[in-house]
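A short write-up of the structure that comes next.
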Amino acid sequence: MRALRLFAWKSEPRLVEVDEPAPRPGQVVVKVGGSGACHSDLLLMRDFDAGAQPWGPPFTLGHETAGWVHALGDRVTGLEPGQPVAVYGSWGCGTCARCRIGAETYCEKPAAAPAPGGGGGLGLDGGMAELMLVPDARFLVPLPDGLAPVDAAPLTDAGLTPYHAIRRSWPKLIPGSNAMVIGVGGLGHMGVQILKATTATRIIAVDTRDDALDLAGECGADLTVRAGDRAAQQIREATVGGRGVDVVLDFVGSDATLALGVAVARSAGDLTIVGIGGGTLPVSFFSMPYEVSIQTTYWGSRPELIEVLDLAAQGLVRPRVTTFPLEDATMAYRLMHYGKLTGRAVIVP
Ligand SMILES: [Zn+2]
Ligand SMILES: [Zn+2]
């Protein structure tokens, strides 16, 4: 079968012929219906050095995958061949306190995980292939009726990651509150929709690109603001009494976006850094409004994936998807690198 594989850090992936995987006991092989191209894949190809992660190439890319059950290993119950499923992408040990509640992103025994701190497409073979080996049936979530694998694929990361970040701030997203999404790309455009679908907050979206702001408007943003020198003032003035934004979700994470976030944050608000842009934010007693909580989040939990799939099956959120065949996957990454993609690119083998 064909697979898009990364053979070394700081190199372009190559489409090659590999053996079809066979499931061992407890494992499942999924016939891939779609696998999303994520911005973090660009980091794998361009930025990571040997030793930066406990795992490394070679492996097949694609950590955002859905498809159909293709082959079941011995002892797997509750799944049927042909059944549509989403792959939960962060593969932990399965037995530590975090994994037991489904938060495998924060596994506390990574040495006992299939790939320490990684998963399929992140150290082990992912979904940019015709078939994908999933090492434990618990990583599969059956798709609810009405949701096709190609639409479900981006929900496993571009949907789940903002869902997790938003969900933890729900108590602050009450009627009369303001939320801000910085960066309306693959994750941000889902973030706007998830805010709209699950809260009554007023949604402000910020980006440097006009087409991204148009997309934010289509996804339900109440106000779209072009990033720049006047953005902070414009955003603060748009909140009642200039009090600021209750929940800032930064899907970029650069020096500039973090500075904007803190400039518009309301006291006792949340500033959540989701984007891995590598920026820093000086924190001191006087550098931000009182009781602003600053946190990073990484991906989401298995129960949250079930919830976000249900939101999509109800038609309350819908990823904007552009599909590419496997042979054009490198073109999709190039378009992403140059900011030319709208929404999410999904590779369909
Ligand atoms: Zn990702
Ligand atoms: Zn664990």
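Counting starts at 1 for both ligands and their atoms, following the listed order. The first residue in the sequence is number 1, and the count goes up from there.
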Hey, what's the ring geometry for Tyr106 with Tyr298, parallel, tilted or perpendicular (30° and 60° as the breaks)? tilted
Is Asp328 salt-bridged to Arg334, cutoff N-O under 4.0 Å? no
At a cut-off of 2.8 Å, list the protein N/O/S atoms near the Zn ion (ligand 2), residue plus atom name. Cys93 SG, Cys96 SG, Cys99 SG, Cys107 SG
Are side-chain heavy atoms of Val181 and His189 found at a separation under 4.5 Å? no
Check all N, O or S atoms of His63 and name the one closest to the Zn ion (ligand 1). NE2
salt_bridge(Arg302, Glu307) N-O dist < 4.0 Å: no
Determine whether the aromatic ring centres of Tyr290 and Phe285 lie less than 6.0 Å apart. yes
At the Zn ion (ligand 1), OD2 of Asp157 and SG of Cys38 open up to roughly (10° bins) 120°
Exactly one of Thr201, Thr198, Thr199 should register a side-chain hydrogen bond (donor to acceptor under 3.5 Å, both in side chains) with Trp170. Which one does? Thr198
Could you tell me whether Lys10 and Asp49 have a side-chain N and a carboxylate O separated by less than 4.0 Å? yes
